[in-house]
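Each chain gets a letter, A, B and so on, in the order the sequences are listed, and its residues count up from 1.
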There are 4 protein chains.
Amino acid sequence: MILKLNFENEIPIYVQLRNQIVMAIAHGDLSQGEKLPTIRNLAEDLGINNMTVNKAYAMLKQEGFISIDRRHGAKVNPILTPDFEFKEKLEDDLSLVISEAEIRGMKKDEFMKICENIFDSMKKLKPQEK
Amino acid sequence: MILKLNFENEIPIYVQLRNQIVMAIAHGDLSQGEKLPTIRNLAEDLGINNMTVNKAYAMLKQEGFISIDRRHGAKVNPILTPDFEFKEKLEDDLSLVISEAEIRGMKKDEFMKICENIFDSMKKLKPQEK
Amino acid sequence: MILKLNFENEIPIYVQLRNQIVMAIAHGDLSQGEKLPTIRNLAEDLGINNMTVNKAYAMLKQEGFISIDRRHGAKVNPILTPDFEFKEKLEDDLSLVISEAEIRGMKKDEFMKICENIFDSMKKLKPQEK
Amino acid sequence: MILKLNFENEIPIYVQLRNQIVMAIAHGDLSQGEKLPTIRNLAEDLGINNMTVNKAYAMLKQEGFISIDRRHGAKVNPILTPDFEFKEKLEDDLSLVISEAEIRGMKKDEFMKICENIFDSMKKLKPQEK
DNA sequence: GTGGTCTAGACCACA
DNA sequence: GTGGTCTAGACCACG
């Protein structure tokens with residue numbers, strides 16, 4: 001799993017880390033049930049503080065993406081089912097992103113194509129795992 | 001033009017304001033060449049600080065969405081053409097959003113349908129401008 | 001508002017603090033919309049670290065008990081409506097508490113009386129505020 | 001006797017175990033004088049460490065709920081009489097639980113009804129012991 | 001002046 | 001060895 005952090009970015013490190021892990025899960029780089037690195041290891045590897053990693057893991061746990069087991073550390077949860085709250089947030093987020101695309105002159109077709117490509121880039125590893 | 005701000009939201013007010021204006025432009029509530037309210041007026045209407053509105057306008061100007069003329073105030077720019085930088089950012093943003101959708105169990109079809117709906121909700125006013 | 005922390009207790013300080021604030025709200029010592037102390041002030045008053053107070057406030061915010069406004073600090077939210085998730089947790093909690101009472105030989109009547117007394121001790125200040 | 005442990009829960013396993021046993025006693029699944037499983041057996045059945053079970057038993061012994069006899073293992077103690085210390089702790093616990101219920105908008109009547117239901121679900125087996 | 005973030009290093013409970 | 005908590009002090013974004 002490759003995680004890239006940008007320390008000059010205004011997005012907090014723990015949020016960047018959370019985002020990278022979310023994408024790693026979706027792309028299959030981290031599969032269901034797989035163990036995440038320990039807080040200490042990851043912090044050292046990335047050259048950041050334990051508590052920063054801790055915060056990212058706590059966020060992922062709270063969102064239901066991972067579970068933290070006192071005995072064996074953190075592991076990836078199974079896929080959830082989409083709830084109403086998430087759909088609302090998703091529509092709000094997309095509304096903004098699509099507005100920007102619209103203003104910047106991007107056609108609907110091109111936008112949809114990009115979405116498809118991203119979707120298709122995910123979980124390529126899943127079938128191979130069987 | 002209706003602008004909704006949530007002072008308890010973690011998103012900075014000036015960013016919320018910027019987002020609302022971007023969406024207003026995309027939906028045609030603000031058309032090309034249309035004059036934006038003065039900083040002073042908007043700040044008063046919304047009950048926020050002048051500096052906050054100023055910051056939002058500066059952001060929009062820097063992004064090329066509006067022009068600021070000292071004599072005539074701010075006005076909406078024409079549609080841009082999508083540049084490489086924007087496409088990169090868009091792909092990054094979408095990559096995260098789609099990853100979350102994926103993990104939360106949303107199917108590609110449903111996601112695409114939502115995007116279509118949002119696209120279709122835009123620019124209803126545009127034809128009237130011709 | 002009087003907050004008592006026990007530094008020798010095994011319950012984390014931020015949880016104790018969270019609990020004390022919850023009880024203060026329920027008893028009317030903190031009324032709806034009332035401003036909480038700033039993180040720094042409270043931390044200094046209690047002789048604890050900013051981040052510990054921060055964590056307690058974040059927990060209360062996440063639970064929906066307070067809102068944090070970037071401009072004016074934290075304030076108490078209006079009463080919520082009980083959701084299913086809460087009722088489940090409540091039943092689990094009560095199941096344990098009542099089991100202990102049962103084993104320790106406490107009669108149902110006595111238990112119910114204690115509950116009533118606690119209920120009646122709350123929000124005495126509310127009507128006076130009008 | 002059915003014991004459910006959640007390894008991903010933040011509550012320590014030995015505390016969960018202790019809680020489950022307390023509830024089992026109160027519900028009559030474990031009756032007075034009944035022998036508890038040996039530490040070794042229970043640990044194996046639950047797939048946990050001997051020390052964890054040991055810790056739970058020690059806690060129960062210290063609280064007076066069970067007795068541990070080196071020759072005959074652990075057995076459930078007779079019902080106690082409520083002491084002052086317990087009542088204090090009970091009131092503190094209830095104060096917090098009821099405060100949360102209050103803030104979450106639960107009415108006193110509904111709360112009391114839940115308590116009654118839980119009380120009535122207990123000791124169904126008790127009369128058979130006579 | 002407010003909360004948000006981050007660090008470096010420490011101690012503790014758990015299993 | 002794991003995560004959880006806490007400290008003292010720092011810097012930053014926001015308004």
I'd like to compare against my own output: the B/S/- annotation of nucleotides 8-15 of chain F with a strict under-4.0 Å heavy-atom distance to protein. B-----SS
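The two residues C/L80 and C/G64 make their nearest non-hydrogen contact at CD2-O, 3.8 Å. Closest approach of A/L17 and A/L46 over heavy atoms only: CD1-CD1, 3.9 Å. Nearest heavy-atom pair across D/A43 and D/N50 is CB-OD1, 3.1 Å. In this structure, B/A56 and B/Y14 approach most closely via the heavy-atom pair CB-O, 3.5 Å.
Among the heavy atoms of the strands lying under 4.0 Å from A/N54 is at least one base atom, whether or not backbone atoms are also near.
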Side-chain donor/acceptor pairs under 3.5 Å, residues 3-12 of chain D, sequence neighbours excluded:
unit_1: D/N6; atom_1: OD1; unit_2: D/E8; atom_2: N; d: 2.9
unit_1: D/N6; atom_1: OD1; unit_2: D/N9; atom_2: N; d: 3.4
unit_1: D/E8; atom_1: OE1; unit_2: A/S67; atom_2: OG; d: 3.3
unit_1: D/E8; atom_1: OE2; unit_2: A/K75; atom_2: NZ; d: 2.6
unit_1: D/N9; atom_1: OD1; unit_2: D/I11; atom_2: N; d: 2.9

Donor-acceptor contacts, no H, no angles, side chain residues 97-105 of chain D, under 3.5 Å, sequence neighbours left out:
unit_1: D/S99; atom_1: OG; unit_2: D/S95; atom_2: O; d: 2.7
unit_1: D/E100; atom_1: OE1; unit_2: C/R18; atom_2: NH2; d: 3.4
unit_1: D/E100; atom_1: OE2; unit_2: C/R18; atom_2: NH1; d: 3.3
unit_1: D/E100; atom_1: OE2; unit_2: C/R18; atom_2: NH2; d: 3.2
unit_1: D/R104; atom_1: NH2; unit_2: C/E63; atom_2: O; d: 3.3

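The salt bridge (Lys or Arg N to Asp or Glu O under 4.0 Å) contacts involving residues 44-54 of chain D comprise nothing, where partners must be two or more places apart or lie in separate chains.
When rounded to the nearest whole Å, the span between CG of A/L42 and P of F/dG1 equals 18 Å. At whole-Å resolution of the value, CE in A/M59 and C1' in E/dT5 are 13 Å apart. Taking atom CG of residue C/N9 and atom P of nucleotide E/dA13, one finds them 12 Å apart after rounding to whole Å. Summarising the geometry, the separation between OH on C/Y57 and P on E/dT2 is reported as 11 Å, rounded to the nearest angstrom. C/F7 places its CZ atom 16 Å from the P atom of F/dT5, with the value rounded to the nearest Å. Look at CD on D/Q16: it is 15 Å from C1' on E/dA13, rounded to the nearest Å. Between the P atom of F/dG3 and the NZ atom of A/K61 lies a distance of 12 Å, rounded to the nearest Å. Atom pair C/E8:CD and E/dA13:P shows a separation of 13 Å (rounding to whole Å applied).
Shown here are the salt bridge (Lys or Arg N to Asp or Glu O under 4.0 Å) partners of B/K35, two or more places apart in sequence or in another chain: there are none.
Judged by distance alone, the side chains of C/T38 and C/N41 do bring a donor and an acceptor atom under 3.5 Å apart.
Note that the two end axes of the helix from E/dG1-F/dC14 to E/dC14-F/dG1 enclose an angle of 20°, each drawn from 5 base pairs, rounded to 10 degrees.
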